[in-house]
Amino acid sequence: MALTRNFLLFCSLLPFFIVPSLSKTSFRPKALVLPVSQDASSLQYVALINQRTPLVPVKLTLDLGGQFQWVDCDEGYVSSSYKPVRCRSAQCELARSKSCVTECYSSPRPGCNNNTCAVLPDNTVTRTGTSGEVGQDVVSIQSTDGSNPGRAVSVSKLIFACGGSLEGLASGVKGMAGFGRTKISLPSQFSAAFSFDRKFAICLTSANAKGVVFFGDGPYVLLPGIDVSRSLIYTPLILNPVSTASAYFTGEPSSDYFIGVKSIKINGKAVPLNRSLLSIDRIEGTGGTKISTVIPYTAMETSIYRAVTATFVKALAKVPRVASVAPFGACFNSTNIGSTRVGPAVPQIDLVLQNSAVFWTIFGANSMVQVKSDVLCLGFVDGGLNPRTSIVIGGYQLEDNLLQFDLATSRLGFSSSLLFSRTTCANFNFTSNKA
């Protein structure tokens with residue numbers, strides 16, 4: 001549903017493009033790197049972004065499909081370099097804002113300035129949308145050659161939103177880092193600022209390790225010297241023409257990343273599904289499969305979930321079932337399940353993509369969750385009867401898989417489990433700095 005507010009005034013916007021400003025430096029990196037870790041309590045993936053003048057580390061929840069970075073500016077946002085984005089400006093057009101803040105009832109400060117364009121920051125954890133001021137400020141991030149972190153570089157006028165609800169976010173988090181399909185997402189702004197390829201890659205880990213995000217093209221080298229960008233499988237990214245955000249302006253497409261799952265196989269056997277649920281309704285924007293870093297476990301529409309669970313249980317018939325442990329349905333006595341290089345020895349799950357030869361395989365390390373010392377559960381959850389998206393691939397299924405998003409060609413590259421290559425997403429060498 002589109003959102004309208006009494007205090008927002010429609011703006012006519014100028015149709016031209018602008019890129020974030022670089023700091024004054026002759027060094028132009030080919031790629032950037034950002035460490036990311038999982039919060040053990042919320043299971044959200046969080047990163048520290050250095051922002052403001054003077055620089056302050058700001059803890060943000062990573063939101064793969066988020067439209068832009070948003071920060072709660074009400075809690076002590078102090079910066080000498082902050083600038084509000086004025087209505088009808090090029091930056092306002094870039095942000096796809098269709099409204100302006102006409103009157104702010106306090107003294108000017110970040111998040112409260114008159115004649116500034118407004119956007120709708122989306123807390124995708126609680127699915128609540130609010131209104132926020134568009135602003136610009138300094139952001140600093142480390143460069144990389146793909147193997148090691150390098151010198152820090154800065155974007156002097158990165159566009160973000162002041163606003164949003166912190167409810168449900170991990171402890172200490174001040175906002176969300178949006179990586180979605182927009183011109184002011186972090187990947188888009190970094191590639192525009194430094195003129196490198198419009199690509200980024202995520203490699204997530206569990207709470208006891210540090211994963212990595214790369215902005216730009218490979219190499220993406222993980223210890224012991226493995227360039228995982230060389231062994232990716234590719235599938236098209238699909239644009240959903242209808243926004244999947246909690247609040248949005250009419251006519252906006254979705255900023256989420258959808259892929260074309262055509263069928264699901266377990267141990268090579270096709271799961272009986274209503275395949276119409278796997279397609280996106282081009283009018284309503286419902287259905288399909290998207291990737292999310294916000295939900296911890298893959299959620300499936302009820303009929304898909306039941307079919308997948310039933311087929312998996314049948315394939316694992318020799319292992320005793322035990323009582324379900326929320327939020328999971330199918331749980332097993334783990335003392336009867338062996339171990340492999342890629343996790344528990346259970347049936348593999350294949351998400352079949354554009355043809356039968358292209359599939360994303362989910363092995364035991366990503367399909368089974370150890371909930372007790374002797375209990376393993378299938379790590380998928382029931383997404384309900386009429387979810388907006390039929391399958392949402394969650395964070396647990398992404399861990400120790402490298403995913404590269406090519407924004408220029410609208411293509412996803414994925415590795416499946418890196419455990420086969422005897423490496424993990426925790427193996428980027430953050431300790432050796434070539435600055």
Does this structure show an ion pair linking [X] with [Y], if we count only N-O contacts that are shorter than 4.0 Å?
X	Y	answer
Arg52	Asp137	no
Asp72	Lys174	no
Asp74	Arg109	yes

Side-chain donor/acceptor of Thr293 to backbone N/O of Leu64, under 3.5 Å: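 At least one qualifying donor-acceptor pair exists.
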
Sidechain-backbone polar pair: Thr309 side chain, Arg306 backbone, donor-acceptor under 3.5 Å: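 Not a single qualifying donor-acceptor pair exists.
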
Of Pro187, Ser143, Ser191, the residue whose pairing with Phe215 passes side chain to side chain contact (heavy atoms under 4.5 Å, CB included):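 Of the listed options, the one satisfying the test is Pro187.
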
Ring-face cation of Arg151 near Phe27 (centre distance under 6.0 Å, axis angle within 45°):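 Yes.
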
Of all pairs that satisfy disulfide bond (SG atoms under 2.5 Å apart), the ones with a partner from residues 127-164, not counting sequence neighbours: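 For residues 127-164, and leaving out neighbouring residues, the disulfide bond (SG atoms under 2.5 Å apart) pairs sorted by first residue read Cys73-Cys162.
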
Parallel, tilted or perpendicular: ring planes of Phe430 versus Phe428, cut at 30 and 60 degrees: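 Perpendicular.
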
Intermediate values then yes/no, side-chain hydrogen bond (donor to acceptor under 3.5 Å, both in side chains), Gln51 and Gln69: CA-CA 11 Å; Gln51 189 175 8; Gln69 176 179 316; 2.9 Å; yes

Does any donor atom in the side chain of [X] or [Y] lie under 3.5 Å from an acceptor atom in the other side chain?
X	Y	value
Arg181	Ser188	no
Asn113	Glu133	yes
Gln44	Thr61	yes
Ser334	Asp374	no
Asp350	Thr361	yes
Gln404	Tyr220	yes
Asp382	Thr302	yes
Glu399	Tyr45	yes
Thr431	Asn429	yes
Asp122	Thr124	no

Other residues, nucleotides, ligands: >12 heavy atoms within 6.0 Å of Arg422 CZ: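 No, CZ of Arg422 has 12 or fewer neighbouring heavy atoms, counting only those of other groups under 6.0 Å.
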
Neighbour count >12 (heavy atoms, 6.0 Å) for atom NZ, Lys59: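 More than 12 within 6.0 Å, yes.
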
[X] [atom1] to [Y] [atom2] distance, which is reported to the nearest 0.5 Å:
X	Y	atom1	atom2	result
Gln397	Leu204	CD	CG	11.5 Å
Ile349	Ser367	CD1	OG	5.0 Å
Ser81	Leu158	OG	CG	11.0 Å

Kindly say whether the aromatic ring centers of [X] and [Y] come within a distance under 6.0 Å.
X	Y	value
Phe190	Phe179	no
Phe420	Phe363	yes
Phe414	Tyr234	no

Intermediate values then yes/no, side-chain hydrogen bond (donor to acceptor under 3.5 Å, both in side chains), Ser37 and Asp39: CA-CA 7 Å; Ser37 58; Asp39 176 74; over 6 Å; no

side-chain hydrogen bond (donor to acceptor under 3.5 Å, both in side chains) partners of Tyr257, counting only residues at least two apart: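 Counting only residues at least two positions away or on another chain, Tyr257 forms no side-chain hydrogen bond (donor to acceptor under 3.5 Å, both in side chains).
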
Side chain to side chain, Ile291 and Leu412, heavy atoms closer than 4.5 Å: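 They are in contact (side-chain heavy atoms under 4.5 Å apart), so the answer is yes.
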
